[in-house]
J.: 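Take a look at this one; I'll ask things after.
No hydrogens, no waters, no symmetry mates; every other heavy atom, side chains included, goes into these values.
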Amino acid sequence: MDEHKGLANLVKGLFSMYRNPAAREPRLHRTVTNEELLELLTTLSLVHRRLDSAHVTC
C-alpha cells in the first residue's frame, strides 16, 4: 500500500509543481529548460507505465 501512496504523491506533486506556480512567479515569465522538460516527460512516462500495468482490486 505504501507504494500506491508514493505513486499518488508523485503524481500530485508533479501536478502541483506545474499547475500551481508560486503566486510571486507569474506563469508567463516562468522559464522551463529543455532539460527540465525532458526530466518531466521521463517521470510522466514512468507514471503512465505503472498505471498501464495496474490491476483493479476490490
Side-chain angles (χ1 to χ4, degrees):
M1 192 62 168
D2 288 337
E3 185 177 347
H4 297 209
K5 287 181 183 179
L7 184 62
N9 286 331
L10 176 63
V11 172
K12 288 177 189 177
L14 288 171
F15 184 78
S16 295
M17 184 175 176
Y18 289 95
R19 176 69 175 96
N20 299 319
R24 66 185 181 282
E25 183 181 10
R27 199 175 305 183
L28 291 174
H29 301 286
R30 182 168 186 220
T31 57
V32 181
T33 64
N34 288 341
E35 183 177 320
E36 186 177 358
L37 290 174
L38 288 173
E39 291 169 346
L40 173 63
L41 290 173
T42 301
T43 306
L44 290 175
S45 176
L46 166 78
V47 169
H48 276 273
R49 195 171 339 109
R50 296 300 299 262
L51 292 175
D52 286 344
S53 65
H55 296 83
V56 177
T57 58
C58 296

J.: Restricting to side chain to side chain contact (heavy atoms under 4.5 Å, CB included), what partner residues turn up for T33, sequence neighbours left out?
T.: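 Only E35, E36 meet the side chain to side chain contact (heavy atoms under 4.5 Å, CB included) criterion with T33.
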J.: So, using side chain to side chain contact (heavy atoms under 4.5 Å, CB included) as the criterion, who are the partners of L14 when residues are at least two apart?
T.: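 In terms of side chain to side chain contact (heavy atoms under 4.5 Å, CB included), with neighbours along the sequence ignored, L14 is linked to L10, L40, T43, L44.
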J.: Report whether V47 and M17 are members of the same hydrophobic cluster (ILVMFWY, side-chain heavy atoms less than 4.5 Å apart, transitive linking).
T.: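 The answer is yes; both residues are in one hydrophobic cluster.
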J.: If you look only at distance, which donor and acceptor atoms sit under 3.5 Å apart when one is on a side chain in residues 51-58 and the other is two or more places apart or in another chain?
T.:
from : atom 1 : to  : atom 2 : distance (Å)
S53  : OG     : R49 : O      : 3.3
S53  : OG     : R50 : O      : 3.2
H55  : ND1    : S53 : O      : 3.1

J.: Rounded to the nearest 0.5 Å, how far does CD of E39 lie from OG1 of T42?
T.: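 Result: 7.5 Å between the selected atoms.
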J.: Report, as yes or no, whether the 6.0 Å neighbourhood of atom CG on N9 holds more than 12 heavy atoms from other residues, nucleotides or ligands.
T.: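 Atom CG in N9 is crowded, with more than 12 foreign heavy atoms closer than 6.0 Å.
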